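All figures in this text were calculated on a predicted structure; none of them were measured in a lab.
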Amino acid sequence: MAGAAIVAAGAFTTFGGLLLVPLHEQRGWSRASIGAAFAVSMVLYGVTAPFAAALMDRLGVRRVVVGALLLAGGGAAGSVVAGSPAQWTAAWGLGVGLGTGAASTALAASVAERAGAGRRGLVAGLLTAAGVAGQFVFLPVLARVVEEYGWQAAAWGLAGTAVLVAECALVALREVRAPVGVREAGAGAPGVVGRTLRVLAASTRRPAFWLLAGVFAVCGASTNGLLWNHFTPAAHDHGIPATSASALLAVVGVCNVAGTVAAGRLTDRVDARRVLAACFGLRALTLVALPLLWSPSVGVPLVAFAVLFGLLDVATVPPTLALCRVHFGSDGVVVFGWVNAAHQLGAGTMAHLGGLARDLTGSYDPVWVGAGALCAGAAVLAGVVRSEASGR
């Protein structure tokens, strides 16, 4: 049931890429203003995660997940009636950002932490893969609904799905709580907030936190921020229909399942830092090559890009979670939530800057190359994390 909740939350996170063009054409809003709502949503998605993880330790998983799904569904419903960019940002940015932030990465990390030694990487990979399935596998269906019935119908469909899954979770989700000592450390709402902030204050005094946060910020910029929100509009620029672009993203999603599960298994067996560096190095190559692969129709080069990028896309989650556990012990899940906040800060920044770059230059090509350069730098930073750990 936790996987179903993550799938439902994941469907919201890539839906934004289908909205940019119709909102721009139907309502005359600039791409930058639409991207600003995506940025707010992504940043809140990240900031919510550490608090949600601590709240799950205290209240249990079920109640937090049900509330998060209802909040995301309300945000999607509110976006349909939004009449201005500000209202759109309030509905999609706040509602969807907070709701998905509590029912995605935080949920996967919390359940994986309780899986026991030797299985945490695999469980983290499986649940992360569930989120990827929601993000991409259902995207062609949503694209078809947008094409046939309008984006509003698709948004209502997502809202209804969130409510339905919340009802099922309320009945069927097995309650999972942290050990008693961890729960007592965050007793009550003030205790949850206090523990989350104390963990942040302590972790920021460690170089490993800043290195992992920097690496994960690049991860968010090159995936959630760029590919999820701007791949479909970029394909539109090259004459590829939204349905075909969504099919390519579905390929990314399918391959993500294999890549993330494999990364989880590798993380249980080998140095997590090597897994992380390899993912970023290969991702850099795929992004730099993308401007050379565009064509008016979907051919083998674009399919190959989708397959390779999919294998690498969310494969960074299990090794990053493992490194947080190594460096920060029992607070590793909460620290991972803060590291994920950096991920979403990078994603939100790229969501906005990607649209702005398209408005200013008329092309997404410089953005793909720039993101590839950032990933190459992140591969180097992954090695620095290793050096810092060895020195400590």
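Side chain of Asn256 to main chain of Val314: a donor-acceptor pair is present (N/O by atom type, distance under 3.5 Å, no hydrogens or angles).
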Test side-chain contact (heavy atoms from CB on, under 4.5 Å) applied to Phe216 and Trp338, step by step:
CA-CA 10 Å; Phe216 229 42; Trp338 284 115; over 6 Å; no

Could you walk me through whether Leu94 and Leu44 pass side-chain contact (heavy atoms from CB on, under 4.5 Å), step by step?
CA-CA 7 Å; Leu94 295 178; Leu44 287 178; 3.4 Å; yes

Show, in sequence, the C-alpha distance, side-chain angles and deciding distance for Thr223 and Phe309, and conclude whether the side-chain contact (heavy atoms from CB on, under 4.5 Å) test is met.
CA-CA 9 Å; Thr223 55; Phe309 195 93; 4.0 Å; yes

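Atoms CG and OG1, on Leu321 and Thr316 in that order, are 11.0 Å from each other to the nearest 0.5 Å. Here CZ of Arg273 is found 10.5 Å from CG of Leu276. Values are rounded to the nearest 0.5 Å. Taken to the nearest 0.5 Å, the CG atom of Leu211 stands 6.0 Å off from the CG atom of Leu381. To the nearest 0.5 Å, the span separating CD1 on Ile34 from CH2 on Trp92 amounts to 12.5 Å. Between Leu227 atom CG and Leu249 atom CG the span is 5.5 Å, to the nearest 0.5 Å. Atom-to-atom distance recorded for Cys219:SG and Leu212:CG is 12.0 Å, nearest 0.5 angstrom.
Phe209 is linked by a ring pair (Phe, Tyr, Trp, His ring centres under 6.0 Å) to nothing, counting only residues two or more places apart in sequence or in another chain. In this structure Asp359 satisfies the side-chain hydrogen bond (donor to acceptor under 3.5 Å, both in side chains) test with no other residue, sequence neighbours excluded. Applying the side-chain contact (heavy atoms from CB on, under 4.5 Å) rule to Pro241 yields the partners Thr243, Ser244; only residues at least two apart in sequence or on another chain are considered. Under the rule for a ring pair (Phe, Tyr, Trp, His ring centres under 6.0 Å), the partners of Tyr364 that lie at least two apart in sequence or sit in another chain are His230. Partners of Ala242 by side-chain contact (heavy atoms from CB on, under 4.5 Å), not counting sequence neighbours, listed by chain and number: Thr232. Take Ala315 and apply the side-chain contact (heavy atoms from CB on, under 4.5 Å) test, not counting sequence neighbours, and it matches Ala263, Cys279. For Ala37, the side-chain contact (heavy atoms from CB on, under 4.5 Å) criterion is met by Trp88, Thr89, not counting sequence neighbours.
A chain of hydrophobic side-chain contacts below 4.5 Å, direct or via other Ile, Leu, Val, Met, Phe, Trp or Tyr residues, connects Ile240 to Val251. Taken together through direct or relayed side-chain contacts under 4.5 Å among Ile, Leu, Val, Met, Phe, Trp and Tyr, Leu356 and Leu226 form parts of separate hydrophobic clusters. Residues Leu374 and Val369 do not share a hydrophobic cluster, defined by chaining ILVMFWY side chains whose heavy atoms lie under 4.5 Å apart. Hydrophobic clustering of Ile, Leu, Val, Met, Phe, Trp and Tyr side chains at less than 4.5 Å, counting indirect connections, keeps Phe51 apart from Leu98. Under a hydrophobic-cluster definition in which Ile, Leu, Val, Met, Phe, Trp and Tyr are linked whenever side-chain heavy atoms come within less than 4.5 Å, directly or via other members, Val40 and Leu345 are assigned to different clusters.
Considering all non-hydrogen atoms of both residues, Pro318 and Gly264 come closest at CB-CA, 3.7 Å. When all heavy atoms of Ala357 and Val367 are compared, the pair lying nearest together is CB-CG2, 3.6 Å. Smallest separation of non-hydrogen atoms from Ala234 and His238: O-CD2, 3.1 Å. Closest of all the heavy-atom pairs between Cys324 and Val335 is SG-CG1, 4.2 Å. The two residues Thr48 and Ala102 come nearest to each other via the heavy atoms CG2-N, 3.8 Å.
Using a 4.5 Å heavy-atom cutoff, the side chains of Pro50 and Leu200 are not in contact. The shortest side-chain heavy-atom distance between Leu266 and Arg269 does not fall under the 4.5 Å cut-off. With contacts defined as side-chain heavy-atom distances shorter than 4.5 Å, the pair Phe231/Trp368 qualifies. In this structure, His343 and Val218 have side chains that are not in contact, with every pair of non-hydrogen atoms separated by 4.5 Å or more.
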Would you be so kind as to tabulate the donor-acceptor pairs closer than 3.5 Å made by side chains of residues 65-84, with sequence neighbours excluded?
residue: Ser79; atom: OG; partner: Ala76; partner atom: O; Å: 2.6
residue: Ser84; atom: OG; partner: Gln87; partner atom: N; Å: 3.2

What pairs of donor and acceptor atoms, side-chain ones from residues 141-158 against any protein atom, are under 3.5 angstrom apart with sequence neighbours left out?
residue: Arg144; atom: NH1; partner: Glu147; partner atom: OE1; Å: 2.9
residue: Trp151; atom: NE1; partner: Gln26; partner atom: OE1; Å: 3.4

N/O donor-acceptor pairs under 3.5 Å from side chains in residues 282-302, not counting sequence neighbours:
residue: Arg283; atom: NH1; partner: Ser222; partner atom: OG; Å: 2.9
residue: Arg283; atom: NH2; partner: Leu312; partner atom: O; Å: 3.2
residue: Arg283; atom: NH2; partner: Asp313; partner atom: O; Å: 2.7
residue: Thr286; atom: OG1; partner: Arg283; partner atom: O; Å: 2.7
residue: Ser295; atom: OG; partner: Ser297; partner atom: O; Å: 2.5

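Sorted by first and then second residue, the salt bridge (Lys or Arg N to Asp or Glu O under 4.0 Å) pairs with a member in residues 220-238 read Asp237-Arg358; sequence neighbours excluded.
Other cluster members for Val380: none, since no ILVMFWY side-chain heavy atom sits under 4.5 Å from it.
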